[in-house]
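Report on one structure; see the data block that follows.
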Amino acid sequence: MSVSSYQNILDILKPYGSRLVAVSKTKSVEEIRELYNQGQRDFGENYVQELMEKETALPKDIRWHFIGHLQTNKVKFIAPFIYMIQSVDSLKLLHEIDKQAAKNQRVIFCLLQIFIAREETKFGMNETELDSLIITVNQNRQNEKFSHSLISGCMGMASLTENQALIHDEFKRLREIFEKIKTSFPSDPVDTLSMGMSSDYLIALEMGSSMVRIGSLIFGKR
Ligand SMILES: *Cc1c(COP(=O)(O)O)cnc(C)c1O
């Protein structure tokens, strides 16, 4: 863990008002605790089993963000403690999150994961899927469903490329989608545009990111 690069990132984020999620997947409890001792409270994880073990071992005031692909049948394991699920990519998953959050008498903040990259391998919804989700959730809201899963915004990953202009355009599109989500869910706390990782967070900040997810730049290579 590099304290100087951590502080440096915080200094860069400050004028943008952007928040940092420290992505700690594959990193040890000791490494996470070291960053926690520097004041970091938001951590991102990709795997359910790994997250559960870390949650048990670490302080309870950590806000855990789930950022990996989440299977519906695993939501129940993280529902008792997860702060935000950034990888909501289907109505079915949102339904299950709402159900499990209600069971635990909690609210779970949700980001809709949007597919913006060129690669085929990235998860997320396209705009057509997003539009149909918006319609269904708003219909159900009138029957008081989805009151335990609050839509806070969206998350996306740009293409893995050296082409800065392409990354720029993909983030610009995500910001436009974020604006659409904001107007589509007027009663939700839609304030989070999660975009930018170690390699592209400077471009993301320029394009209006309010939350960056940074792993290797803080913790070193995985
Ligand atoms: C691993 C991961 C990150 C962090 O990637 P780095 O390149 O290490 O900063 C960010 N977002 C998601 C969704 C990830 O899976």
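Whatever order the structure lists them in is the order used to number ligands and atoms, beginning at 1. Keep in mind that the numbers below use all heavy atoms, side chains included, and drop hydrogens, waters and symmetry copies. For this chain, numbers begin at 1 and follow the sequence in order.
Look at Lys180 and Glu176 and you find no salt bridge, because none of the NZ, NE, NH1 or NH2 atoms lies under 4.0 Å from a carboxylate O. Under a 4.0 Å N-O distance rule, the pair Arg175/Glu170 does not qualify as a salt bridge. Remark: Lys25 does not engage Glu50 in a salt bridge, criterion side-chain N to carboxylate O under 4.0 Å.
For Met157, no nitrogen or oxygen atom sits less than 3.5 Å from a nitrogen or oxygen atom of ligand 1, counting backbone and side chain alike. For ligand 1, one of its N or O atoms has an N or O atom of Arg213 under 3.5 Å away.
By the 4.0 Å heavy-atom criterion, Gln86 is excluded from the residues contacting ligand 1.
Within ligand 1, the atoms closer than 4.0 Å to a non-hydrogen atom of Asn46 are 14 (C), 15 (O), numbered from 1 in the order shown. Atom numbering of ligand 1 starts at 1 in the shown order; those under 4.0 Å from a heavy atom of Gly215 are 4 (C), 6 (P), 8 (O), 9 (O). For ligand 1, the atoms closer than 4.0 angstrom to any heavy atom of Ile214 are 9 (O).
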**Item:** Stepwise salt bridge (Lys or Arg N to Asp or Glu O under 4.0 Å) test for Lys92 and Glu96
**Value:** CA-CA 6 Å; Lys92 188 171 155 230; Glu96 180 64 13; over 6 Å; no
**Request:** Go through the steps for Ile67 and Glu45 under the test side chain to side chain contact (heavy atoms under 4.5 Å, CB included), then give the verdict.
**Result:** CA-CA 6 Å; Ile67 62 172; Glu45 289 282 339; over 6 Å; no
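Only the side chain of Val23 comes within 4.0 Å of ligand 1, counting heavy atoms alone; its backbone N, CA, C and O stay farther away. Counting heavy atoms closer than 4.0 Å to ligand 1, residue Leu217 contributes nothing at all.
Across all their heavy atoms, Gly153 and Ile181 have their closest contact at O-CD1, 4.2 Å.
Between the NZ atom of Lys54 and the CD1 atom of Ile32 there is a distance of 4.0 Å, given to the nearest 0.5 Å.
Counting protein heavy atoms only, atom 14 (C) of ligand 1 is closest to Lys25 NZ, 3.0 Å. Taking atom 9 (O) of ligand 1 as the reference point, the nearest protein heavy-atom neighbour is Ser198 OG, 2.6 Å. Closest protein heavy atom to atom 7 (O) of ligand 1: Ser216 OG, 3.6 Å. Looking at atom 5 (O) of ligand 1, its nearest protein heavy atom turns out to be Met197 CE, 3.6 Å. For atom 13 (C) of ligand 1, the nearest protein heavy atom (residue, atom name, distance) is Ile67 O, 3.6 Å.
For the residue pair Gln40 and Tyr6, a side-chain donor N or O sits within less than 3.5 Å of a side-chain acceptor on the partner.
Side chain of Gln113 to main chain of Cys154: no donor-acceptor pair is present (N/O by atom type, distance under 3.5 Å, no hydrogens or angles).
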